[in-house]
Amino acid sequence: TSGVAIDFTGIPAGTKFIAIHFAGVSGNGTSNPLIQIGPAAAPETTGYHGSGVNQAGGTANYTTGFGINQASAASIFHGTILLFLENSAAFTWTCFGILGQSNGAAGNYVGGSKSLAAELTQVRITFVNGSDAFDAGVINVSYN
């Protein structure tokens, strides 16, 4: 991984389930990682409901994406975040995920929901501040 955002585009119509896999992922700053979803035009940046919890300390609500509340810039994430299509008429997706950190004894939990303007075709993994960058690891998606 590198850059300020990792984009997965071209997710086909009719997709009902997306898994986002993290293996050794870290960033170069202190901003929390963020998952944004969207239709063909662009990932949407408002209207998210939910929160992220770092079991070692810290909880935050997020409205600009599904947030992963990290303990420090040294956080290294492993695990999977799942997205499920809850309502196909309203394009509503729910999010649930558990990540473990290999840099220390900590776990991260994320949950939320988001209704889109149109059918989901892309997923973006970025940071809350929009300027931190990924500096290690691999992110991939699978869907059905």
Side-chain angles (χ1 to χ4, degrees), residues 1-12 15-87 90-144:
T1 56
S2 63
V4 298
I6 309 298
D7 291 327
F8 295 94
T9 60
I11 296 171
T15 296
K16 293 179 174 39
F17 167 83
I18 301 169
I20 306 164
H21 311 283
F22 292 73
V25 175
S26 69
N28 66 357
T30 59
S31 185
N32 291 329
L34 193 67
I35 295 169
Q36 296 174 323
I37 59 177
E44 295 186 6
T45 60
T46 61
Y48 292 81
H49 304 281
S51 61
V53 176
N54 182 297
Q55 158 270 339
T59 302
N61 287 92
Y62 295 90
T63 59
T64 60
F66 301 121
I68 302 165
N69 195 23
Q70 66 180 344
S72 72
S75 297
I76 303 170
F77 299 104
H78 304 266
T80 301
I81 295 176
L82 306 173
L83 302 172
F84 297 94
L85 180 60
E86 182 272 331
N87 182 325
F91 310 111
T92 302
W93 287 79
T94 61
C95 172
F96 168 78
I98 299 175
L99 301 173
Q101 294 182 20
S102 60
N103 58 295
N108 299 82
Y109 314 99
V110 59
S113 67
K114 166 74 174 131
S115 293
L116 298 172
E119 190 163 19
L120 183 148
T121 63
Q122 60 185 298
V123 173
R124 170 174 285 167
I125 301 91
T126 187
F127 292 93
V128 171
N129 69 5
S131 60
D132 282 4
F134 293 98
D135 61 7
V138 177
I139 299 174
N140 207 346
V141 298
S142 55
Y143 47 83
N144 194 352

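For this chain, numbers begin at 1 and follow the sequence in order. Predicted model only: the values in this text are computed from it and were never measured.
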Can you list the residues that meet the side chain to side chain contact (heavy atoms under 4.5 Å, CB included) rule with [X], with sequence neighbours excluded?
X    : value
Y109 : V53, Q55, I98
A105 : none
H78  : I76, S102
F134 : T1, I6, V25, I125, F127, I139

Which atom pair, heavy atoms only, marks the closest approach of [X] to [Y]?
X   : Y    : result
L82 : A19  : CD2-CB, 3.8 Å
I35 : Y48  : O-CE2, 4.1 Å
S75 : S26  : O-CB, 3.2 Å
G38 : L116 : CA-CD2, 4.0 Å

Between [X] and [Y] (side chain of the first, backbone of the second, donor and acceptor by atom type, cut-off under 3.5 Å), is there such a pair?
X   : Y    : value
N32 : N69  : no
T64 : T45  : no
Q36 : V123 : no
Q70 : S31  : yes

Quick one: [atom1] on [X] to [atom2] on [Y], what's the gap to the nearest 0.5 Å?
X    : Y    : atom1 : atom2 : answer
I37  : I18  : CD1   : CD1   : 7.5 Å
N144 : L85  : CG    : CG    : 12.0 Å
F96  : T80  : CZ    : OG1   : 10.5 Å
W93  : S115 : CH2   : OG    : 12.0 Å
F8   : Q122 : CZ    : CD    : 12.0 Å
T15  : L120 : OG1   : CG    : 7.5 Å

Can you name the side-chain hydrogen bond (donor to acceptor under 3.5 Å, both in side chains) partners of [X], sequence neighbours left out?
X    : answer
S142 : H21
T59  : none
T63  : none

Pairs in or reaching into [range]: which pass salt bridge (Lys or Arg N to Asp or Glu O under 4.0 Å), with residues at least two apart or in two chains?
range            : value
residues 54-66   : none
residues 16-26   : none
residues 117-139 : D7-R124
residues 34-53   : E44-K114

With sequence neighbours left out, what residues match F17 under ring pair (Phe, Tyr, Trp, His ring centres under 6.0 Å)?
-> F84
Evaluate the criterion side chain to side chain contact (heavy atoms under 4.5 Å, CB included) for residue pair I81 and F66; output intermediate values, then yes/no.
-> CA-CA 10 Å; I81 295 176; F66 301 121; 6.0 Å; no
So among V110, N108, I68, which one has a side-chain contact (heavy atoms from CB on, under 4.5 Å) with P33?
-> I68
Residue pair Y62 / V128, side-chain heavy-atom distance below 4.5 Å | yes
